[in-house]
Structure formats: structure tokens, C-alpha cells
Amino acid sequence: MIASLLRKKSIEQIQADAAAGLTDHAIASNEGGGLRRTLGVFDLTLMGIAAIIGAGIFAMVGKASHNGGPAVALLFVFTATACAFSALCYAEFASRIPVAGSAYTYAYASMGEFIAWIIGWDLIVEYAIGNIAVAISWSDYFTGLMKGYGIDIPLHFTMDFLTAKRGYAAVTEAVAGGASVETLTSGCASSDSVIGCGQIDGYLAWLNAPMLGPIPMVADLPALLIVVVITTLVYIGIRESKLASNVMTVLKVGIILLVIFLGLNYVNPENWSPFAPNGIEGVLKGVSAVFFAYIGFDALSTTAEECKNPRRDLPVAIILSLVICTVLYIAIALVLTGMVSYTKLDVGDPLAFVFGPEGANIPWVAGIIAVSAVIALATVFLVFQIGQPRIWMAMSRDGLLPKIFSSIHPKFHTPWFATIITGIVVAIPALFMNLTEVTDLASIGTLFAFVVVCAGVLFKDEEFRESGTRFVPYFNSQFILPIILAAVVGIVYYFNPTFVSDFLTLTPAEGEGMLGAFSHKIPMIFFLIVAVILVYFSLTKKLSLIPILGLLSCLYLMTELGVTNWMRFGLWLLAGLVIYFIYGRKHSKLNASPDPAEN
């Protein structure tokens, strides 16, 4: 039982399976031809930038800056460092296993089928569920853009069902308590208002929506529109997707550069003081938002079979796109917090806001930013929508999903069925879910994928060392890791001398018991246990330093997302395990493999 769960595919076998062409389904149906190799390093780099620069910088950086002040720029540096360690590990695997599948395929080669299934199921959280968040964000920007041109789309067709229902319930309760809708509406923008403007919008959407029997028809139709358009483009082909992505990415990078260089003229250095008004705790509140801004570079590895030279181009593009975006992000964070006080940046459109009346007061720039945000989010959606079908295609090749998921369209040379299913999986929830429900889940899912890929490099460390050339340079962690961890503890103690006593003290929130208070410590306890284990193996096995740092930094970022998200993520993985034991394990192609190297 255990042996079958840990059975692996050798790198040679993975490459042989990919080189053999298509799946049994494709051969049996005479579909012929594989994926079209059309991507070069320039295309891949732009695709990486397209995936990374999106909702995180156009929407979520405002709240992160509000919580952390100008010091949020340091959070971008820290997060980029964590991503850089992971990016090197992705580059290592991409250079050795240039096939579709990304972290799923890498886990299959390094840790076995069971972990590979878990990571394959997890990647649905990053790509499909992450794209739900992108579709919802795109809808918000698109609706605002249309309103700027005098086109008002009814609220009940631009809002998700849950937000409208909750808004209606909150306003109804307030009215029952003696308030009037008019009074609540006039005061909703106040910081101390009982009912926010978003809740008022939800109330009106629910109230004015057409009825289907007893159910109000509230659905986010612009979100559905972007899903249909982009899924159709991905279905048609990678060449067409590449062209659209390149054009839109060049445009949005140009807009960001405009914001940076024009904004520099309106920076007031006094706004950078205090630099970290809420301390480290305030800065770390933005972890989810800032990390969400970096999600995407790993999606490049799903296009390996559509690259002209994947062994050379993929690693270079992964690292290059991450470096370019990090520089842009740090510049944006410093410009935003320099143009206006961080206290005013708790807004959904911070880039447009700083060029409005509260900042530089240049209306035409705010209009350009609104257009570029719509374009930016569309490119993110495009790259993620390319990634998910190729993950399912790789899993189907291995027998863990039905064969039709790896079926290649004879004309368009794309995984047509997996692309359609991805569109459906994203479209339906995007109609009814809100952004809060999916953003944190996408972040924790991506971090978990990074942790697994870094761990995979550690599992393959000896093999990679013996092979000679490698993208992750080997540094002996035996003594360096303890020194680094000790330095980190010292820095944390310097900025927060009470961090140990705070961690050891249980302070239940209102209505929470001691068990509930303890549950919030569980992610950090798990992190500390893993850190101790890695220090032990570093001392005894002389493990490679960079993947360890990638694993620990990403795992730490996971602890900052809270135990509630860990529980949701755990439930998601449990649902995936049910499917694996019902279908995947029984149909795995390794069941019939005579090659002991694969087991």
C-alpha cells in the first residue's frame, strides 16, 4: 500500500512519455500531432510578466500599504526573495523535465505519485480558483470603466450572489433597528459607519434583481464574459494566445512605467515618515495581498511542450520575469506611499486614487490606469487559463484522470476538453462568489506548490549534484542555515522584543475559547517543527541551502494566512484524496509498469 503511494516516475520515463507523443486516447482517435512549439524566451518572459502583474498591484497593494505604510516595499523584497528561491527550484526542474505538468510532474519525479496527486489537486486552487478571483476583479474594473463612459450596468448583473445576500441582510437588520435606507446611504462612506457603501450596493442589487421563483437573479455577468472570451482564445491556440498576451503585456508595462515616472514628480518624502507606522505586524498583514501579486511565474512551466527550446528558455524566462516585476513593484510601492499618506490608501484602485483629487489630481491619468487595469487582469487570466488545462493533461497522461483530459485538438493543437472544463470550473463560481472567499485560498495553494517544488529539489539533491550542471547552485547548509536562522531570530527580537512571550500567551478573542485561541498558533508550531527537522538534516546530510530557504520562507508566509485558511485548504485536499483513491490510484499507468525505476 505505502509502496504504491510513493512510487515514482524517473525523469527519463517522464521525458520518454512526453516524446512518445500523445495519449492512448489521441492515438486511438487518430488525432495526430502534439502541442505547437511556438514560444521563445521573449514570449515566455512577457507571459511571465503578464501572469504576475495583475490584481495584486492594481487593487490589493492599496490595503497592504495602508496596513504597513511605506515599509510595504520591504515586504515586496521579502516576498520576492522567497519567490526567487522557489523560482530557482522551478528552473532546476524545468531544465531537466521540459514537459507540461509544472509542480505536479516535478513532484512525481521526486516524491512519488501520492504527493504528485496532492500537488496536482492543489494547483487547481492556484490556477482555476485563482482565476475566479481574477475574473471577479476584472469585472469590478470593467464595470467602473463603463461607468466612466456613462454606461451603467445594473448592480444585480455586476455583483456576486453572496455579497448581495449579505448586504441585503445587513441593511434589513439596520432598518429594523430604526435606521432608514436614506440615512445609511448618506453615511456609508464614513469610516465609523455601521453599514458600508458596498453593503448598500448589495442591498439594492438584491432588492431590484429579477426573480426566478423565490430566488433573486444576482450574478456577475462581466466575470462570465471574460471567462468565455479568454477560454475561447486559449481553445483556439497557443500562437493566438501568445500574440494577444504580448500586445497587452507591453501596453500594461508601459502604463506602469508612466505611473512610476510621472508619480515621482509628485512624491513628498515626508509621507515616507514614519516608514513602518504599525511595526512588523502591520507590514505582515499585507502578506496575502503582496504574495498574490507574485503568483504567476510558475505558470510558465506548464507551457514546456510549447517552447522552442524549453531547457534553455524556460528557466531564463522564469527568473527574468520575476526580477523585472519585483523592480516594478518596489518602485510602485514607494511612489504610491510617497504621493499620498499611507492612511488614505485603503482603496480598491490605489494607482488611480493617487492621481485623483487626494493626490496629483490628474484625471486623464486615472482614466488611462482604469483601462490598463482591465487589460492587465485580462492577461493574468489568459496565462492562468493556459496553465490549468495543461496540468490536467499531464495528470491524464499518467492515468490519474480520464484519458479525454489529454485529448489534443487535431486542428488547434490544444488540450480542447481540459480547456472547456477549465472554463466551466471558473465561470460558474465567478458568477456567484466574492473576492474574499477565493484570494487567500489561491495564495495558500500557490505557497504549498512552491514548498513542494523546493522539497522536490532536496529529494533529488544528490542526483542533481552528480549530474554536473544545475540552475540551483549548491551551497552547503550545514553551518550557514543555523547562522541565518539565528540572525532572523535576532532581527525579529530587535523589532519585537516580546515576540516569544506573545507566541506563548493564549489570548482568546471575544466569543472564543482557549482551544480556539490555541488553534491560531498551530501553523507557526508546524513551521517551527519543520525548521528544526531541516536544521537537523542540514547538519547531518549537508543539504543544499537554496531549496531549504525557499521551503522555509514560503512555509512561513503560509503561517501568516491564518488557521482558517489552513483548514479550508485541508478540506480541499481531503476532497482530492477521495477522488484519488476512488479513481486515480486504480487507473495509474504505473500499475502496469514493469520498470522498477518507476516505482
Side-chain angles (χ1 to χ4, degrees), residues 35-58 76 79-100 102-103 126-127 130 134 230 233-234 237-258 260 292-332 372 375-387 390 446 450 453 471-472:
L35 300 178
R36 182 178 284 132
R37 292 192 179 274
T38 186
L39 302 175
V41 66
F42 177 77
D43 304 314
L44 289 166
T45 302
L46 285 184
M47 192 174 286
I49 295 171
I52 296 171
I53 298 179
I57 198 66
F58 278 93
F76 277 110
T79 308
T81 303
C83 289
F85 293 139
S86 302
L88 285 171
C89 294
Y90 268 91
E92 182 75 71
F93 273 120
S95 67
R96 297 176 184 277
I97 315 177
V99 299
S102 186
E126 177 180 356
Y127 294 130
V134 176
I230 297 296
L233 182 60
V234 172
I238 190 67
R239 187 164 52 196
E240 293 75 12
S241 300
K242 175 192 75 173
L243 178 61
S245 175
N246 287 354
V247 171
M248 290 190 290
T249 302
V250 169
L251 183 58
K252 76 175 176 182
V253 170
I255 298 299
I256 287 176
L257 291 175
L258 171 67
I260 292 171
F292 193 76
Y294 278 102
I295 290 178
F297 70 85
D298 55 306
L300 294 183
S301 55
T302 66
T303 66
E305 293 175 43
E306 289 147 299
C307 300
K308 296 175 183 176
N309 188 346
R311 291 182 183 275
R312 181 198 66 191
D313 295 348
L314 263 180
V316 171
I318 287 173
I319 295 168
L320 195 57
S321 61
L322 184 63
V323 170
I324 291 171
C325 291
T326 299
V327 172
L328 292 176
Y329 280 175
I330 293 171
I332 281 284
S372 67
I375 295 172
L377 293 172
T379 60
V380 174
F381 195 94
L382 174 62
V383 177
F384 279 17
Q385 207 71 351
I386 288 173
R390 283 147 184 81
T446 307
F450 290 1
V453 171
F471 272 88
V472 178

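The first residue in the sequence is number 1, and the count goes up from there.
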Determine the minimum heavy-atom distance between [X] and [Y], stating which atoms define it.
X      : Y      : result
Ser321 : Ile318 : OG-O, 3.1 Å
Ile49  : Thr249 : CG2-CG2, 3.8 Å
Ala378 : Met248 : CB-SD, 4.2 Å
Val453 : Ala103 : CG2-CB, 3.5 Å
Ala331 : Ile260 : CB-CD1, 3.7 Å
Ala80  : Leu322 : O-CD2, 4.2 Å

Can you tell me how far apart [atom1] ([X]) and [atom2] ([Y]) are? Round to the nearest 0.5 Å.
X      : Y      : atom1 : atom2 : answer
Phe76  : Cys325 : CZ    : SG    : 11.0 Å
Leu314 : Phe93  : CG    : CZ    : 14.0 Å
Leu377 : Ser372 : CG    : OG    : 9.0 Å

Residue pair [X] / [Y], side-chain heavy-atom distance below 4.5 Å:
X      : Y      : answer
Phe450 : Tyr90  : yes
Val253 : Ile324 : no
Asp313 : Thr45  : no
Tyr329 : Ile52  : yes

Begin with the C-alpha distance, continue with both residues' side-chain angles, and end with the deciding distance and a verdict on side chain to side chain contact (heavy atoms under 4.5 Å, CB included) for Ile53 and Val380. CA-CA 7 Å; Ile53 298 179; Val380 174; over 6 Å; no
Parallel, tilted or perpendicular: which describes the rings of Phe384 and Tyr127, with under 30° parallel and over 60° perpendicular?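 The arrangement is perpendicular - the two ring planes meet at more than 60°.
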